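Working notes, beginning with the structure itself.
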Amino acid sequence: MVESRGMRGLGRRATLYALLVGGSILFSIPFGWLLLSSFKTNDEQFRDPPTWLPRPPSAAKMSPYVARDEFDDIARPRACPRARWDEVRPLLVEATRQAVEAAGLPPAAVPAEPLRDEAVEGIAFAAGQNVADHAWFESLETLRQKWLAQVTPSLVQNCRDRAYKRFLIGPIRARSVEQQEEILRRDQSIAAVWQVQGGALADQATEGRPCALLSYDFEKSAEREAALTAVFPLSFPVARIKKLILSLRPDHSWNALECALEAEGRRWESAEPYNAGSDQWQELVWQFPSDDDTSMKVKSWIVLKPSGASAFAEAGKMRLTLTLRGRTRAEAWGTKLWNNFRWAFKHMPFWRYVAVSSFLCLMNIVGQLLGSSLAAYAFARLKWPGREFCFMLLLGTLMLPGAVTMVPSFLIFKNLGWYNTLLVLWVPSFCGSAFNIFLLRQFMRGIPKDLEDAAKIDGCSYLGVYRHVILPSIGPALAAIAIFTFMGSWNNFMGPLIFLNDQSKYPLALGIFGLQTQAGGNFGLIMAASALMALPVVIMFFFCQRYFIQGITLTGMKN
């Protein structure tokens, strides 16, 4: 009998622990998804079918190349029965291959067979998703015709371009401080402008724009780098240059592109490398140090920092050197995992927003602890006319939704002159909140009356009793309120959105919202910024959960 009871108790404990572990895993899924999404590039966010883990970086040692993991294996469409799919799959894939060969792949600097095989996988997957559900139950010839109807020239071209990775260099422009802009050496082809070491450059036209294909093979190069050097004349003084803008389409290799500029006997180098982790056309901007670096602007440029003297001093000209350095697989992984976080720090004044949020959290915690505890002390330990009525009136305010008091509160604070100031976000906390007052009142009612009487006999006033008896006894409840207040203040979005219009006063929550509107739909960047914002809350709750649980469970218990 004893052993049976012991086994049942062990089974109950095992079940309880299993439920706790399962619940922890379930509730950690959103944060895990947020963190993993912050490691993905923007094109991976919209990958179909979606994946949890970020794709491994290619860390390509040579380019152009065929990305053999660009498309997933051809999967069975949901509407097609498994037996039917096993029957028609080889025929449909072969029909797709024949259609691609008949359309012809544009000339590429890679072997045709791997490029065709990878393109066929992407085309077959897209065609399978677009075929009507009822077509899978029709005759083989009818299905084949409807399948091939999906293999359009635009689909073939799109899948080929996604599989064919290449580094394309476009024109380079210079912009002056007065916003005067010119295309450097526009009268020459792009390949003729640059002198190449460690690679080759060939002119071609892609998507209707002039560009040059950069070919390299780091496995055959001891330096594992390719350098492009050109001398450019300018129609305005070199000292008036503000930024250089290079059009390029990277090869998704995650290799590092660095820039060095020499003019008038001086040299500037890029403060950080550009990571070639995309395969879309973009404009890469290098900018000389200016007031923009300390402004609230979205910093989408790379700063050119002075790096000493240079032997190049031709009047009215500058020498530009672009160096593409190869990365190892480990370096590429580290670069990819950190890339979105790096741009989150650059795109917005992150530490300014953190400082504002930290200040608001500190002041709100102090205000809530002081204001709520004093009000709760008055309701719990002092006797005065109308105490119970006022307490019920206070609890009644919990029934009012925030939308009802939003407009009156805005008008009050605007008339006080607090609009667009941080005062409105922390001063009201010193009045306490109804829930915190209720929580502390219930906690204080459990403190023995004898402790208060003894303190009064020793000469303590009401504030002395509050300071020496009440506060030391309600530590767990105060800790719970501090945690609640921190989380509410750190995540507060609606208050700053209503009362602030100066970006320099934004807390982190509103700053990330502004980043969302300025980052052009870069969800990887937004996920990284959101993960950075959620991290302090997770850390605080992890280390303070004991006080949080004590503050809730001990409320209202008699000592």
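None of these values were measured; they are calculated from a predicted model.
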Keeping the roles fixed (side chain from Asn491, backbone from Met487), state whether a donor-acceptor pair exists under 3.5 Å.
-> yes

Would you say the side chain of Lys242 lies within less than 4.5 Å of the side chain of Gln179, judging by non-hydrogen atoms? yes

*asked:* Tell me whether Asp251 is salt-bridged to Arg166, with the criterion being a basic N under 4.0 Å from an acidic carboxylate O.
replied: no

>> Could you go through Trp194 and Phe232, starting from their C-alpha distance and side-chain angles, then the distance that decides it, and tell me whether this counts as ring pair (Phe, Tyr, Trp, His ring centres under 6.0 Å)?
In response: CA-CA 10 Å; Trp194 300 93; Phe232 297 101; 5.6 Å; yes

### Message
side chain to side chain contact (heavy atoms under 4.5 Å, CB included), that's the test. Do Ile169 and Leu246 meet it? Break it down for me.
### Response
CA-CA 8 Å; Ile169 303 291; Leu246 174 66; 4.1 Å; yes

In the structure I gave you, are the side-chain heavy atoms of Glu94 and Leu91 within less than 4.5 Å of one another anywhere?
no

- Task: Determine, step by step, whether Glu44 and Arg55 satisfy the salt bridge (charged side-chain N to carboxylate O under 4.0 Å, His left out) criterion, reporting the C-alpha distance in whole Å, the side-chain angles of both residues, the deciding distance to 0.1 Å, and the verdict.
- Result: CA-CA 8 Å; Glu44 291 179 73; Arg55 294 172 56 195; 5.1 Å; no

dist Arg12:CZ -> Leu16:CG (nearest 0.5 Å) comes out at 11.0 Å

Non-hydrogen side-chain atoms of Tyr506 and Met348 separated by less than 4.5 Å
no

When you look at NZ of Lys317, are more than 12 heavy atoms from neighbouring residues, nucleotides or ligands closer to it than 6.0 Å? no

Exactly one candidate in Thr321, Thr323, Leu214 meets side-chain contact (heavy atoms from CB on, under 4.5 Å) with Leu228; the answer is Leu214

With sequence neighbours left out, the residues meeting salt bridge (Lys or Arg N to Asp or Glu O under 4.0 Å) with Arg185 are none

> For Thr142 and Gln145, does a side-chain donor sit closer than 3.5 Å to a side-chain acceptor?
Replying inline: no

Scanning both residues in full, the closest heavy-atom pair of Pro273 with Ala256 reads CB-CB, 3.8 Å

Separation between CZ (Phe513) and OG (Ser530), nearest 0.5 Å, reads 12.5 Å

- Query: Under the side chain to side chain contact (heavy atoms under 4.5 Å, CB included) criterion, do Leu168 and Gln204 qualify, and how do the steps go?
  - Reply: CA-CA 9 Å; Leu168 299 176; Gln204 63 175 241; 3.7 Å; yes

Notebook entry, point to check: Got a donor-acceptor contact below 3.5 angstrom from the Ser38 side chain to the Leu35 backbone?
Noted result: yes

Heavy-atom closest pair (Trp52 atom, Gly32 atom, distance to 0.1 Å) is CZ3-C, 4.4 Å

Practice prompt. Flag the pair Glu118 and Arg160 as a salt bridge only when some basic side-chain nitrogen lies within less than 4.0 angstrom of an acidic carboxylate oxygen.
Written response: no

TODO: Report yes if the side chains of Phe288 and Asp293 come closer than 4.5 Å at any heavy-atom pair, otherwise no.
DONE: no

- With distance as the sole test, does Ser489 use its side chain to make a donor-acceptor pair with the main-chain N or O of Phe486 at under 3.5 Å? no

Can you check whether Gly488's main-chain N or O pairs, donor with acceptor, with Asn492's side chain at less than 3.5 Å?
-> no

When rounded to the nearest 0.5 Å, the distance separating SG of Cys259 from CD1 of Ile172 is 7.0 Å

To the nearest 0.5 Å, atom CZ of Arg327 lies from atom CZ of Phe218 at 11.0 Å

- Measure the shortest side-chain to side-chain distance between Arg175 and Ile241 over non-hydrogen atoms and say whether it is less than 4.5 angstrom. no

Exercise. Just wondering, are more than 12 heavy atoms of other shown residues or ligands nearer than 6.0 Å to CD in Glu141?
Worked result: yes

side-chain contact (heavy atoms from CB on, under 4.5 Å) test vs Gln282 passes for just one of Pro250, Ser247, Ser300, namely Pro250

When every non-hydrogen atom of Ala230 is compared with those of Val193, the smallest separation belongs to CB-O, 3.4 Å

Residues Ala528 and Phe341: closest non-hydrogen pair is O-CE2, 3.6 Å

**Message:** Between Arg89 and Glu87 (salt bridge meaning N to carboxylate O under 4.0 Å), is one present in this structure?
**Reply:** no

With a 4.0 Å cut-off, would you call Arg173 and Glu182 a salt bridge? no

Item to check | Any donor-acceptor pair under 3.5 Å from Ser295 side chain to Asp292 backbone | outcome: yes

Requested in this report: Report yes or no: do Ser189 and Asp203 form a side-chain donor-acceptor pair below 3.5 Å?
Outcome: yes

Discussion item. Side chain to side chain contact (heavy atoms under 4.5 Å, CB included) for Arg84 and Leu143? Distances and angles first, verdict last.
Written reply: CA-CA 11 Å; Arg84 178 67 167 172; Leu143 174 60; 4.1 Å; yes

Exercise. Can you list the steps and then say if Glu219 with Arg224 is a salt bridge (charged side-chain N to carboxylate O under 4.0 Å, His left out)?
Worked result: CA-CA 7 Å; Glu219 293 181 347; Arg224 296 183 60 209; over 6 Å; no

Heavy atoms of Val131 and Ala135 approach each other most closely as CG1-CB, 3.6 Å

| message | For a 4.5 angstrom cut-off between non-hydrogen side-chain atoms, does Asp117 reach Arg97? | response | yes

| query | Taking it one step at a time, do Gln503 and Leu510 satisfy side chain to side chain contact (heavy atoms under 4.5 Å, CB included)? | reply | CA-CA 9 Å; Gln503 189 177 357; Leu510 191 57; over 6 Å; no

Q | Trp338 vs Trp333 side-chain heavy atoms within contact, under 4.5 Å | A | no

side-chain hydrogen bond (donor to acceptor under 3.5 Å, both in side chains) filter on Arg325, not counting sequence neighbours, yields Glu225, Glu258

So, the side chain of Arg78 versus the backbone of Asp133: is there a donor-acceptor pair under 3.5 Å, distance only?
no

Shortest non-hydrogen pair, Ala332 vs Ala59, comes out as CB-CB, 3.8 Å

Rounded to the nearest 0.5 Å, the CZ atom of Phe493 sits from the CD1 atom of Ile498 at a distance of 9.5 Å

Go through the side-chain N and O atoms of Trp147 and Thr96 and say whether any donor and acceptor fall under 3.5 Å apart.
yes

Checking the side chain of Asn340 only, and the main-chain atoms of Lys40 only, is there a donor and an acceptor separated by less than 3.5 Å? yes

Task: Test ring pair (Phe, Tyr, Trp, His ring centres under 6.0 Å) applied to Phe345 and Trp351, step by step - done: CA-CA 8 Å; Phe345 288 120; Trp351 296 113; 5.6 Å; yes

Distance col, row Leu304:CG vs Trp286:CH2, nearest 0.5 angstrom, shows 8.0 Å

Using the ring of each side chain (for Trp, its six-membered ring), is His347 parallel, tilted or perpendicular to Trp343, with breaks at 30° and 60°? perpendicular

| message | For Arg76, is the CZ atom crowded, meaning more than 12 foreign heavy atoms sit under 6.0 Å from it? | response | yes

### Task
Determine whether Gln280 and His252 make a side-chain contact, defined as any pair of heavy atoms from C-beta on separated by less than 4.5 Å.
no

- Query: Do Lys165 and Glu70 pass the salt bridge (charged side-chain N to carboxylate O under 4.0 Å, His left out) test, and can you show the C-alpha distance, the side-chain angles, and the key distance before you say yes or no?
  - Reply: CA-CA 10 Å; Lys165 305 299 183 184; Glu70 182 66 26; 3.2 Å; yes

